[in-house]
Number of protein chains: 2
Amino acid sequence: MNFMTENQPKKPSKSDRTRAQILEAARLLFAEHGYDGASIRDVAAHASIDPAMVIRYFRSKDELFARAAVVDLQLPALRVIDRNAIGETLVRRFLEIWEGPASGPGMGILLRSATSNEFAAEKLRDVFGNQVRPVVAAVSDPADAGRRAGLVSSQLLGLAMCRYLLRLPPVVALSHDEIIQKVGPTLQRYAVGEDGS
Amino acid sequence: MNFMTENQPKKPSKSDRTRAQILEAARLLFAEHGYDGASIRDVAAHASIDPAMVIRYFRSKDELFARAAVVDLQLPALRVIDRNAIGETLVRRFLEIWEGPASGPGMGILLRSATSNEFAAEKLRDVFGNQVRPVVAAVSDPADAGRRAGLVSSQLLGLAMCRYLLRLPPVVALSHDEIIQKVGPTLQRYAVGEDGS
DNA sequence: TCCATTTGTCAACGATCGTTGACTTTCTAG
DNA sequence: CTAGAAAGTCAACGATCGTTGACAAATGGA
């Protein structure tokens with residue numbers, strides 16, 4: 001066993017690039033065609049290598065998917081935000097995540113497969129519980145942060161579905177400003193709106 | 001060829017029941033596991049029948065899915081509704097469709113497979129264009145009915161995803177009253193709210 | 001240079017899938 | 001009652017899939 005290959009910054013060894021190529025191809029194809037729709041052979045072809053290598057580097061398709069479906073929304077930065085602008089802030093971050101220059105297919109991977117793959121569904125619920133919920137809890141009564149975060153997620157997830165996966169024409173056509181202007185207030189009300197109405 | 005087997009009310013012939021059993025099993029399994037996840041053999045087993053019969057009655061899996069994925073939201077009845085209550089009315093109808101006593105798995109079938117099956121996606125876009133959009137167009141300026149209906153769909157579709165497919169605990173826990181109270185105003189604003197804000 | 005580890009290639013396995021065709025059983029009209 | 005159509009059974013096909021193991025090439029330290 002090699003005790004030094006893990007997390008050690010001094011190994012840009014030959015194989016690491018292949019490994020990265022596989023993972024990149026996997027993320028792309030999983031995001032585009034879902035878990036079932038993207039075969040290991042497809043991933044291998046996209047990475048210009050042999051299918052057997054995919055299994056060699058990642059032990060199985062499940063494990064490859066687990067490695068590919070890592071999502072970091074980078075939401076903690078929003079904790080210090082004005083609670084009066086939390087709605088707009090969330091939509092802007094949403095657009096950044098899905099369309100920003102540094103955006104990966106991370107969320108697409110999960111959302112594309114979550115409807116028919118229990119692992120992806122569980123992972124998506126994790127993202128909700130560990131990343132979205134805390135942000136909402138920080139700007140409202142933590143007691144019903146779950147309910148509020150759930151409503152926020154329903155709107156954002158639905159928007160992502162319609163715009164990026166289902167590609168509903170009128171939703172695709174919406175400009176960033178329109179989305180911020182229309183959806184922002186909704187999230188604002190869900191996140192910090194009065195309880196009684 | 002038999003010219004009288006179509007739409008003629010006088011034929012509860014032996015085979016029609018089997019046909020119905022197959023289709024019922026198919027609707028159930030497609031709704032639960034998606035297009036890829038539900039095999040013809042599964043459907044046959046659920047209908048206590050031979051897999052070959054499924055192909056005999058419906059010509060292929062695609063055709064079976066097409067027959068199973070028929071959705072009628074029965075929304076035209078809402079056309080005469082008060083535009084001040086369109087939001088609440090839509091949420092109530094939404095809950096009726098998904099949880100009502102006479103609710104079938106229709107929408108679940110489409111939504112479950114729409115992320116990784118282009119036919120299901122197209123069918124879902126059809127439901128939007130031919131069933132949701134006209135209702136919104138009837139209560140607002142038809143010129144931007146598409147945009148408004150798109151926003152309405154994003155919220156309702158996201159709610160369905162979180163509550164029925166992803167089963168996000170806090171969203172599952174929401175009572176009907178809470179949903180009506182929280183989501184109703186959102187739809188109201190999307191459907192007939194002022195343009196400028 | 002030589003050898004051991006790494007990296008890549010190739011063919012095949014067992015399983016599952018949608019689909020087909022030949023066959024037998026059941027039902028029904030004349 | 002009997003012939004023919006309808007309904008159902010059975011085994012197999014070709015294709016695709018995830019996965020494996022045996023083998024060849026490349027690499028890098030001694």
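So you know, we letter chains A, B, ... as the sequences are listed, proteins then strands, and number each from 1.
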Angle by which the axis turns from one end of the helix from C/dC2-D/dG29 to C/dG30-D/dC1 to the other, five pairs per end, to 10 degrees
0°
Once rounded to the nearest 0.5 Å, what's the spacing between atom NZ of B/K182 and atom CZ of A/R148?
6.0 Å
Hey, what do you get for CG (B/L187) to OG1 (B/T89), rounding to the nearest 0.5 Å?
10.0 Å
Between the side chains of A/E24 and A/R27, is the shortest nitrogen-to-carboxylate-oxygen separation below 4.0 Å, so that they form an ion pair?
no
Would you say the side-chain atoms of B/S103 and B/E96 include a donor-acceptor pair closer than 3.5 Å?
no
Any side-chain heavy-atom pair of A/V183 and A/E178 under 4.5 Å:
no
Sorted by number, residues from residues 38-49 of chain B placing a heavy atom under 4.0 Å from DNA chain D are B/R41
Please answer whether the main-chain N or O of B/R147 pairs with a side-chain N or O of B/D144 as donor and acceptor at a distance below 3.5 Å.
no
Go nucleotide by nucleotide along DNA chain D from the 5' end; which of A/G37 and B/T18 gets its closest nucleotide reached first?
B/T18
Nearest to the A/A52 side chain among D/dG21, C/dT19, D/dG8, which nucleotide is it?
D/dG21
Look at the side chain of A/K61 and decide which nucleotide, out of D/dT19, D/dC10, C/dC10, has an atom nearest to it.
D/dT19
Return the value, rounded to whole Å, for the distance between atom [atom1] of [X] and atom [atom2] of [N].
X: B/M53; N: C/dT20; atom1: CE; atom2: P; answer: 15 Å
X: B/D36; N: D/dC17; atom1: CG; atom2: P; answer: 11 Å
X: B/R17; N: C/dT26; atom1: CZ; atom2: C1'; answer: 14 Å
X: A/D50; N: D/dA25; atom1: CG; atom2: C1'; answer: 14 Å
X: B/D62; N: C/dC17; atom1: CG; atom2: P; answer: 16 Å
X: A/Y57; N: C/dG8; atom1: OH; atom2: C1'; answer: 8 Å
X: B/I55; N: C/dT20; atom1: CD1; atom2: P; answer: 7 Å
X: A/R56; N: C/dT9; atom1: CZ; atom2: C1'; answer: 10 Å

Enclosure of A/R67 CZ (heavy-atom neighbours >12, cutoff 6.0 Å):
no
According to the interplanar angle, ranging from 0 to 90°, do the rings of A/F94 and A/Y164 count as parallel (below 30°), tilted (30 to 60°) or perpendicular (above 60°)?
tilted
Once the angle between the rings of A/Y35 and A/F30 is folded into 0 to 90°, is it parallel (under 30°), tilted (30 to 60°) or perpendicular (over 60°)?
parallel
